[in-house]
Amino acid sequence: MDYKSVIAENIAKVTELDVEQVYKLIEIPPQKDLGDFAFPCFILAKSLHKAPAMISADLAGDASLTYGGMFNVKNAGPYLNFYVDRSRYAADTVSRINEAGDKFGASKEGEGQNIIIEFSSPNIAKPFHVGHAFTTILGNSLSRIYDRLGYNVIRMNHLGDYGTQFGKLITAYRLWGDEKALDEDPITELLRIYVKFHEEAKKDPSLDDKARENFKKLEDGCPEEVALWQKFRDMSLVVFNKLYDRMGVSFDNYNGESFYSDRIPAVVDMLKQKGLLEESEGAQVVKLDEYNLPPCIILKSDGTTIYASRDIAAVLYRKETYNFNKNIYVVGTPQALHFRQVFSVLKKAGYDFADDCVHVGFGLVKFKDMAFSTREGNIVLLEDLLDAAVDKTREVIVENAKLRGQDMSEEEINEIAEKVGLGAVIYTYVKSGREKDIIFSWEEMLNFNGNSAPYLMYTYARIRSILRKADAAGIKASREADVIGTLTGDDAYEVISELSGFEGEVKKAAAINEPFVISRKLFETASAFNSFYNNCRILGEDVDVKDSEARLALCEAVGNVLKSGLNLLGIETVERM
RNA sequence: GAUUGUGUAGCUCAGCUGGAUAGAGCGUCCGCCUCCUAAGCGGAAGGCCAGCGGUUCGAAUCCGCUCACGAUCACCA
C-alpha cells in the first residue's frame with residue numbers, strides 16, 4: 001500500500017473521519033522541513049470545538065499514527081506533519097513497483113463491474129480529421145485506465161451510419177460514382193460525390209427529392225439501396241480500422257445509429273404508456289420542466305425519429321445486453337444539453353440507471369482564429385498530422401544517431417519514428433484538462449521538448465539504455481531492502497516521492513475521467529528523474545557496486561511507471577531513440 | 001433573452017469540496033557535453049489569480065454583481 005493511504009487510514013481511525021475524505025485532504029508540504037506529508041486539522045475544529053492547532057498537538061501525541069515507526073509525526077500550527085523514514089520509504093516504494101512491473105497501478109477495485117465507453121463514433125463516408133481524434137484518444141485512454149483498475153470495459157463505436165445523407169450518397173453514386181476510385185480510396189470518392197451532390201442540388205432541387213426517396217427505400221429495406229449502404233459502410237470501416245490499428249485503438253462493438261433505429265418504436269410506446277409523451281408544435285416531446293430543461297423531442301412533426309430517441313433506445317439496449325454499472329459517452333461538450341435531456345427522460349420514465357450514465361465532454365480542436373469546417377476545406381486529416389509528426393521525428397532520430405554514432409537500421413528508425421511521432425500527437429490531446437479547447441498549431445504539435453510525449457519516451461529510453469549497459473557489465477538492479485534503502489539523498493527522494501503517488505493518480509484519473517491527471521504525474525516523475533540522472537552517476541568505475549545496484553533499482557521503477565502510465569494514455573515506449 | 005462554461009506569467013495550462021511563501025511547460029536571456037542518450041540539466045526575468053463587493057481567523061478557490069469571450073436553446077447529430 002502507498003504511504004498516503006497508510007496515513008489516511010490511521011488518521012481516519014483516530015479521528016473517525018472517512019478514509020476517502022482524509023486521503024483527499026492529505027497534502028505535500030511546501031517546504032522540506034515541514035515533512036513529507038501533512039494533514040490540515042481545520043476540518044476537525046467544528047466537531048471537536050477546539051482550535052486546529054490544539055487538535056494537531058493532541059494528534060501528534062497519538063503513538064498509533066507513527067504506524068510502528070514508519071513515520072515521525074510532529075505538529076506545526078494547525079498542521080500535522082508526517083516525516084517518513086527515507087530509507088524505508090525508498091525500499092518499500094521501489095520494491096513494490098518493481099514487483100508489479102509495467103502494470104504498476106493495476107487494482108481490483110472494478111472487479112465484476114461492467115462499464116461501457118462510447119467513443120470515436122465517426123460518420124461513415126466522411127474524412128477522419130484531427131477533431132475526431134479527441135474522442136478517439138480520450139476514449140481509448142479511459143478504456144485502458146478502467147481496464148487497468150479491473151473493470152470489464154466494453155468499447156463501443158456508435159457509428160454515424162444513418163440519416164438522410166445516405167439517401168444523398170446513394171443518389172450521387174448512381175449518377176456520378178466511380179467504382180474504381182471507390183475501391184482505391186473510399187472516403188475520398190464518397191466525399192467527392194457528396195460535395196458534387198450539394199453543388200448540383202443547388203441547380204436542380206429535384207435531386208433532394210430523389211435523395212429523400214432513396215433514404216425512404218433504405219429505411220424500408222429495399223435490397224438495392226441496402227446493399228449500397230452496406231457497401232459504403234463496410235468500405236469506410238476498412239479505412240477507419242486501418243487508422244485505429246495504427247493508433248492501437250480497438251472496439252468490441254460497432255453498433256451505429258442504424259442498429260438502434262428499429263428499436264425506437266418500442267421507446268415511443270413505452271413513453272406513451274407512461275404518459276410522458278405530449279404533443280407540442282406538431283412534434284411529440286417529453287417535457288422536462290421539473291429538471292429545468294427544455295423539452296426533449298422524441299418524434300419530429302412529420303413522425304420520423306430523431307437522435308434523442310435513438311440515444312434512449314441505445315441506453316435501454318445497453319442496459320439489457322450488458323447490465324452496465326456505468327455508461328460513459330465521450331462526446332464533445334456542445335452536446336451536454338442533449339445528454340442531460342436524454343438522461344432526464346430516462347429518469348422520468350423510472351429508470352434509475354439513468355444516474356449511471358455519464359457524459360464525458362471535451363473541447364474543440366480549432367485553428368488560431370477559426371473552427372474546422374469540412375465545407376471551407378480548412379481541415380487537417382488525422383492521418384496527415386500523424387505522418388507529419390512521424391516525418392519530423394525521423395529527421396531528429398537520423399540527426400541524433402549521426403551525432404551519437406549509433407548504428408540503426410532504416411527499419412528500426414522507421415519503427416521508432418512511428419511510435420514517437422504518434423506519441424507526440426496523442427499526448428497533445430491528453431496533456432490538459434479535456435474540456436479545454438486545443439488550438440491547433442503545427443509548431444506546438446511538433447515541439448518535442450518539455451511536457452511532451454517524446455520527453456517521457458526519451459527518459460524511458462535512457463533508462464533502458466542504462467539497464468542494458470548494466471546488464472552487459474554484470475550489474476543487476478537490487479532487490480534487497482537494505483541496499484535500496486541507501487537511496488536517501490534529496491534527488492533520489494524526490495523521485496521516490498513522485499513514484500509513490502502514481503497509483504493514487506490513476507484512481508483519480510478514473511474518478512474524474514481525466515487522463516491528464518496521469519500525463520501530469522508522468523511528467524513530474526520524469527522531470528524528477530532527469531534531475532537525479534544529471535546529478536548522480538549510476539554506473540562507472542568510481543561508483544560503488546552497491547550504489548549502482550540501488551540506483552539501477554530506482555531506474556527500473558521509474559521505467560515501470562513511465563511504461564505503465566504511457567500505456568494508459570495509449571502511447572507505446574521505445575527502447576532506443 | 002434563458003441556460004451553461006471560461007477568464008491565473010508574453011503564449012499554452014495546473015492549482016478551485018477555503019489553509020503553510022500561487023506552480024509547470026513553451027518562448028526570452030545566461031550557464032552545463034574529456035563522463036551512463038543535450039529530445040537533457042541548472043539559473044534569471046516574467047503575476048493587483050478579469051474587476052468590484054460580501055462571508056471568514058484566513059479567498060485564486062465559496063457567494064453576489066459587473067465586464068469580456070465561448071457553447072447550447074425544438075424538429076441535424
Side-chain angles (χ1 to χ4, degrees), chain A residues 21 24-25 27 29-31 34 38 40-43 45 51-52 76-79 81 121 123 158 160 162-165 257 280-285 292-302 304-308 310-311 331-338 340-341 361 363-364 393 396-397 399-401 403-404 406 420 424 428 431-433 435-439 441 443-444 447-459 461-470 473 516-517 520 523-524 526-527 530-543 548 551 555 576-577:
Chain A
Q21 193 185 8
K24 283 182 193 161
L25 286 169
E27 48 191 87
Q31 287 157 70
L34 294 171
C41 298
F42 305 98
I43 193 166
Y79 288 88
N81 292 332
S121 312
N123 287 325
H158 191 80
Y162 206 66
T164 46
Q165 71 264 31
E257 291 160 18
S280 169
E281 295 173 34
Q284 295 292 314
V285 308
N292 198 21
L293 291 173
C296 180
I297 298 183
I298 302 297
L299 289 177
K300 300 193 266 188
S301 43
D302 64 1
T304 56
T305 65
I306 187 167
Y307 55 97
R310 271 194 282 277
D311 271 338
V331 179
T333 280
Q335 292 193 45
L337 177 60
H338 164 248
R340 280 171 62 201
Q341 288 179 305
L364 255 48
T393 308
V396 178
I397 294 173
E399 204 175 300
N400 283 338
L403 231 60
R404 296 170 190 155
Q406 286 172 317
V420 177
T428 61
K431 74 185 267 195
S432 302
E435 296 199 2
K436 292 277 178 190
D437 289 344
I438 293 176
I439 310 293
S441 126
E443 200 190 330
E444 271 215 25
N447 185 343
F448 297 168
N449 304 318
N451 189 3
S452 68
Y455 174 87
L456 301 177
M457 298 171 87
Y458 176 74
T459 306
R462 239 172 18 177
I463 286 170
R464 299 300 298 169
S465 171
I466 293 171
L467 291 171
R468 279 193 302 272
K469 284 217 160 89
F516 100 92
V517 169
R520 191 230 274 127
F523 175 67
E524 283 165 356
S527 183
N530 282 326
S531 295
F532 168 80
Y533 173 89
N534 236 258
N535 294 332
C536 185
R537 259 202 97 72
I538 293 151
L539 298 172
E541 285 166 18
D542 46 346
V543 184
S548 283
R551 290 165 194 172
C555 287
R576 296 212 285 173
M577 65 188 272

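Naming convention: chains lettered A, B, ... in sequence-line order (proteins, then strands); numbering from 1 in each chain.
- Nearest to the side-chain atoms of N534(A) among the listed nucleotides A39(B), A20(B), G40(B) stands G40(B).
- Between the P atoms of A20(B) and C49(B), the separation comes to 16 Å (whole Å).
- What separates CE of M577(A) from P of C36(B) is a distance of 18 Å, to the nearest Å.
- Base engagement by A461(A) is indicated by at least one non-hydrogen atom pair under 4.0 Å involving a base atom.
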Which pairs, protein N/O on one side and nucleotides 21-23 of chain B N/O on the other, fall under 3.5 Å?
residue, atom, partner, partner atom, Å
U21(B), O4, Q31(A), OE1, 2.5
U21(B), O4, Q31(A), NE2, 2.5

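- At the phosphate of A77(B), OP1 or OP2 sits under 4.0 Å from a side-chain N or O atom of R310(A).
- Nucleic acid contact for L299(A): none, since no nucleic acid atom lies under 4.0 Å from a heavy atom of the residue.
- Here G163(A) lies out of heavy-atom contact (under 4.0 Å) with every strand.
- Distances shorter than 4.0 Å separate none of the side-chain N or O atoms of S531(A) from OP1 or OP2 on C41(B).
- Put simply, N400(A) has a side-chain N or O that comes within less than 4.0 Å of OP1 or OP2 on A39(B).
- Not a single donor-acceptor contact under 3.5 angstrom links the side-chain atoms of Y458(A) to the base of A39(B).
- Taking atom CG of residue N447(A) and atom C1' of nucleotide G27(B), one finds them 10 Å apart after rounding to whole Å.
- With a 3.5 Å ceiling on both atom-pair distances, the Watson-Crick or G-U wobble partner of A68(B) is U6(B).
- Side-chain contact between L299(A) and T305(A): present, with at least one pair of heavy atoms (C-beta onward) separated by less than 4.5 Å.
- Taking for each of E444(A) and I297(A) the nucleotide of RNA chain B with the nearest heavy atom, the 5'-most of the two is the partner of E444(A).
- Going from the C1' atom of C62(B) to that of C16(B) covers 10 Å, rounded to whole Å.
- Using a 4.5 Å heavy-atom cutoff, the side chains of C555(A) and Y533(A) are not in contact.
- In this structure, C32(B) forms a base pair with G40(B), meeting either the Watson-Crick or the G-U wobble geometry with both donor-acceptor distances under 3.5 Å.
- The side chain of K24(A) has U17(B) as its nearest neighbour among A71(B), A14(B), U17(B).
- Heavy atoms of V331(A) sit nowhere under 4.0 angstrom from any nucleic acid atom.
- Base engagement by L34(A) is indicated by at least one non-hydrogen atom pair under 4.0 Å involving a base atom.
- Counting to the nearest Å, the C1' atom of A38(B) and the CD atom of E399(A) are 12 Å from each other.
- Under the 90° criterion around 0 for the glycosidic angle, C48(B) counts as anti.
- Between the OH atom of Y533(A) and the P atom of A39(B) there is a distance of 10 Å, given to the nearest Å.
- Within 4.0 Å of S121(A), counting heavy atoms only, lies no atom of the nucleic acid at all.
- Distance check: I397(A) CD1 to R404(A) CZ gives 9.5 Å after rounding to the nearest 0.5 Å.
- In this structure, CZ on R576(A) lies 12.0 Å from CG on N400(A), to the nearest 0.5 angstrom.
- A sub-4.0 Å separation between OP1 or OP2 of A14(B) and a side-chain N or O of K431(A) is absent.
- Rounded to a whole angstrom, the distance from the P atom of C11(B) to that of U28(B) is 15 Å.
- The side chain of E27(A) has A20(B) as its nearest neighbour among A20(B), U72(B), U37(B).
- For N449(A) and G40(B), the shortest distance from a side-chain N or O to OP1 or OP2 is below 4.0 Å.
- Considering OG1 of T459(A) and CZ of R462(A), their distance stands at 6.0 Å, rounded to 0.5 Å.
- Listed pair R404(A) / A39(B) meets the phosphate criterion, a side-chain N or O lying under 4.0 Å from OP1 or OP2.
- Going from the C1' atom of C41(B) to that of C35(B) covers 14 Å, rounded to whole Å.
- In this structure, A470(A) reaches neither bases nor backbone, as no heavy-atom distance under 4.0 Å exists between it and the strands shown.
- Nucleotides C52(B) and U8(B) place their P atoms 16 Å apart, quoted to the nearest Å.
- Using a 4.0 Å heavy-atom distance criterion, F516(A) is classed as a sugar-phosphate-only contact.
- Going from atom CG of N535(A) over to atom C1' of C35(B) covers 14 Å, rounded to whole Å.
- Separation of atoms NZ (K469(A)) and CD1 (I538(A)) is listed at 11.5 Å; rounding is to 0.5 Å.
- One finds a side-chain N or O of R462(A) lying less than 4.0 angstrom from the OP1 or OP2 phosphate oxygen of A38(B).
- Between L403(A) atom CG and U37(B) atom P there is a gap of 14 Å when expressed in whole angstrom units.
- Close to C41(B), at under 4.0 Å from its OP1 or OP2, lies a side-chain N or O of N530(A).
- Side-chain N/O atoms of S301(A) and base N/O atoms of A74(B) include no donor-acceptor pair closer than 3.5 Å.
- Atom CZ in R340(A) sits about 11 Å away from atom P in U3(B), given to the nearest Å.
- None of V331(A), T333(A), L337(A) except one satisfies the side chain to side chain contact (heavy atoms under 4.5 Å, CB included) rule with Q335(A); the exception is V331(A).
- The base of A71(B) has none of its N or O atoms less than 3.5 Å from a complementary donor or acceptor on the side chain of D437(A).
- Atom CD of Q406(A) and atom CE of M577(A) lie 10.5 Å apart (nearest 0.5 Å).
- Rounded to whole Å, the P atom of C48(B) lies 8 Å from the corresponding atom of A9(B).
- In this structure, CG of L337(A) is placed 13 Å from C1' of A77(B), rounded to the nearest angstrom.
- Closest approach to the Y307(A) side chain among A77(B), U72(B), A39(B) is made by A77(B) (side chain taken as heavy atoms from C-beta onward).
- Separating the C1' atom of G18(B) from that of A59(B) is a span of 6 Å, rounded to the nearest Å.
- At the heavy-atom level, Q335(A) lies under 4.0 Å from base atoms of the strands shown.
- Distance check: F523(A) CZ to K431(A) NZ gives 9.0 Å after rounding to the nearest 0.5 Å.
- Closest to the R520(A) side chain, of the nucleotides A14(B), U37(B), G27(B), is A14(B).
- When the P atom is compared between A60(B) and C69(B), the two are found 26 Å apart, to the nearest whole Å.
- Using a 4.0 Å heavy-atom distance criterion, E281(A) is classed as a base contact.
- OP1 or OP2 of C41(B) sits under 4.0 Å from a side-chain N or O of Y455(A).
- Side-chain N or O atoms of N530(A) include one that pairs as donor or acceptor with a backbone N or O of A526(A) at under 3.5 Å.
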